[in-house]
2 protein chains.
Amino acid sequence: MIDISRPFSLFCRCEVIYDGRAYSILEEGNYLIISKGDGSIQIHGGTNIQPRNYQGAKSKLELRGHLLISRNKKEIITIVVSKIINIAYLRYWSEAEINIKRTEQELVNKLFDNWGNYIDGEFETIQREYPTEYGPVDLVGIETNKTYHVIEAKRRRGTVANCTQLKRYLEAITTSTNLVKGYLASPQISDNAVKYLEKHGCKWLQIDFDI
Amino acid sequence: MIDISRPFSLFCRCEVIYDGRAYSILEEGNYLIISKGDGSIQIHGGTNIQPRNYQGAKSKLELRGHLLISRNKKEIITIVVSKIINIAYLRYWSEAEINIKRTEQELVNKLFDNWGNYIDGEFETIQREYPTEYGPVDLVGIETNKTYHVIEAKRRRGTVANCTQLKRYLEAITTSTNLVKGYLASPQISDNAVKYLEKHGCKWLQIDFDI
DNA sequence: ATTTGCATGTCGACT
DNA sequence: AGTCGACGTGCAAAT
């Protein structure tokens with residue numbers, strides 16, 4: 001039998017039905033089911049990182065005969081277990097989170113500290129997290145002649161979506177009395193993003209992480 | 001010992017170091033490691049659906065003493081295993097995929113089939129997947145007076161990001177000789193999205209899935 | 001091989 | 001509880 005009160009990893013033959021934001025069926029087969037202490041559950045197939053089905057934290061798991069049922073506010077997963085192949089209960093499962101280095105902040109700091117290496121002009125101020133109607137921009141430098149240089153930094157390849165985000169900031173900052181120049185700063189950039197920038201009079205700043 | 005040639009689920013005490021798109025450390029603790037037949041590997045902590053660390057398909061796994069090393073083009077995960085608590089080899093792991101109903105396509109079809117219920121006017125044509133510079137739009141209806149009605153459909157709550165996407169399409173379709181009207185069609189919508197639509201002269205079409 | 005846009009995205013932060 | 005933006009987003013389809 002299965003003890004659903006403890007986190008477990010269960011390899012079994014089963015079929016899965018999901019109903020909620022969408023509706024889906026996973027045909028009968030051998031799958032790995034993981035139930036965690038936060039109430040989340042996921043059903044993994046033999047390929048891909050992503051689970052075939054899942055339910056987030058605070059879901060309620062229930063066992064009814066050979067049915068495993070996980071309920072959420074408006075979602076329900078029903079697992080029809082036909083054969084338990086292997087089950088392990090995972091005791092003292094760590095809940096530590098990963099510690100990430102090389103953040104966007106790091107790039108912003110580099111731009112801030114070496115502003116002159118990237119942008120020419122005589123600047124009054126350089127501000128981080130410059131507030132706009134659509135949220136703060138990473139960096140804004142204001143020239144003595146009131147030209148605003150707006151930088152959006154991305155920690156990896158810049159995309160068109162990043163450019164439209166930049167564009168929105170520019171629209172928010174543009175007024176009748178000041179000029180604006182937009183920059184996307186990132187280690188790499190997609191071709192379409194380059195086109196988009198050119199078309200809208202913006203520039204790409206190539207910037208790398210220090211090793 | 002661990003047989004890395006077969007898919008497995010391993011619960012062990014370990015520490016994980018990742019280097020690639022970012023750099024991260026996961027402190028020593030008990031984690032569940034899943035290695036799949038496609039070469040992917042993931043390290044799960046005791047909370048959340050998402051793995052703490054992972055490596056996609058076609059990664060190469062290597063065992064060196066108590067080190068599990070997964071390499072990719074430009075990424076590497078090193079798992080320092082200090083104690084194996086439980087290991088299961090997952091045979092005949094199904095690779096079936098889920099069968100999803102209630103898709104965006106379904107909404108587009110509904111709009112297409114009941115166009116008159118949503119938009120007034122005399123129309124020449126209604127096209128699905130109307131091609132633009134920025135990719136195909138879900139639906140475009142062209143009035144006899146050359147007004148283009150451009151619809152972007154979303155299967156759930158519409159966001160500002162969806163609106164900017166719509167805006168891009170509108171820009172691509174607008175010329176000196178035609179008028180355009182933009183619509184975001186979705187079951188729900190965020191307040192900010194509503195504001196954005198109003199500000200840019202677009203509309204929201206409320207549309208539900210049929211039961 | 002690269003790019004694009006979707007996703008039952010997930011998740012954290014903030015209102 | 002709802003909204004918003006970031007993510008090592010993952011992923012498949014199109015180019």
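Quick note on labels: first sequence line is chain A, next is B, and so on, each numbered from 1. Please read all numbers here as calculations on a predicted model, not as lab measurements.
For B:Tyr18, there are no ring-ring contact (aromatic ring centres under 6.0 Å, His included) partners, not counting sequence neighbours. In this structure A:Asn86 satisfies the side chain to side chain donor-acceptor pair (under 3.5 Å) test with no other residue, sequence neighbours excluded. Looking at residues two or more places apart in sequence or on another chain, you find no side chain to side chain donor-acceptor pair (under 3.5 Å) involving A:Tyr148. When the side chain to side chain donor-acceptor pair (under 3.5 Å) test is applied to A:Ser70, no partner is found at least two apart in sequence or on another chain. Residues forming a ring-ring contact (aromatic ring centres under 6.0 Å, His included) with B:Phe8 (at least two apart in sequence, or on another chain): none. Under the rule for a side chain to side chain donor-acceptor pair (under 3.5 Å), the partners of B:Asp3 that lie at least two apart in sequence or sit in another chain are B:Ser5, B:Arg6.
The separation between B:Tyr196 atom OH and D:dG5 atom C1' is 15 Å, rounded to whole Å. Distance A:Leu166 CG to D:dG5 C1': 16 Å, rounded to the nearest Å.
Within residues 44-64 of chain B, the residues having any heavy atom closer than 4.0 Å to DNA chain D are, in order of number, B:Asn53, B:Tyr54, B:Gln55. Taking a 4.0 Å limit (strictly below) on heavy-atom distances, residues 19-43 of chain B reaches DNA chain D at B:Arg21, B:Ala22.
Pairs passing the ring pair (Phe, Tyr, Trp, His ring centres under 6.0 Å) check and including a residue from residues 57-78 of chain B, sequence neighbours excluded, do not occur.
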Please produce a list of atom pairs where a protein N or O lies less than 3.5 Å from an N or O of nucleotides 13-15 of chain C.
none

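B:Asn30 and A:Arg91 share no donor-acceptor pair across their side chains, judged by distance under 3.5 Å alone.
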Reading nucleotides 1-6 of chain C 5' to 3', which nucleotides get B (base under 4.0 Å from a protein heavy atom), which S (sugar-phosphate only), which -?
-> --SSSS
Side-chain polar contacts of residues 20-28 of chain B - donor-acceptor pairs under 3.5 angstrom, sequence neighbours left out - could you list them?
from	atom 1	to	atom 2	distance (Å)
B:Arg21	NE	B:Glu75	OE2	2.8
B:Arg21	NH2	B:Glu75	OE2	3.4
B:Ser24	OG	B:Asn53	ND2	3.4
B:Glu28	OE2	B:Arg13	NE	3.0

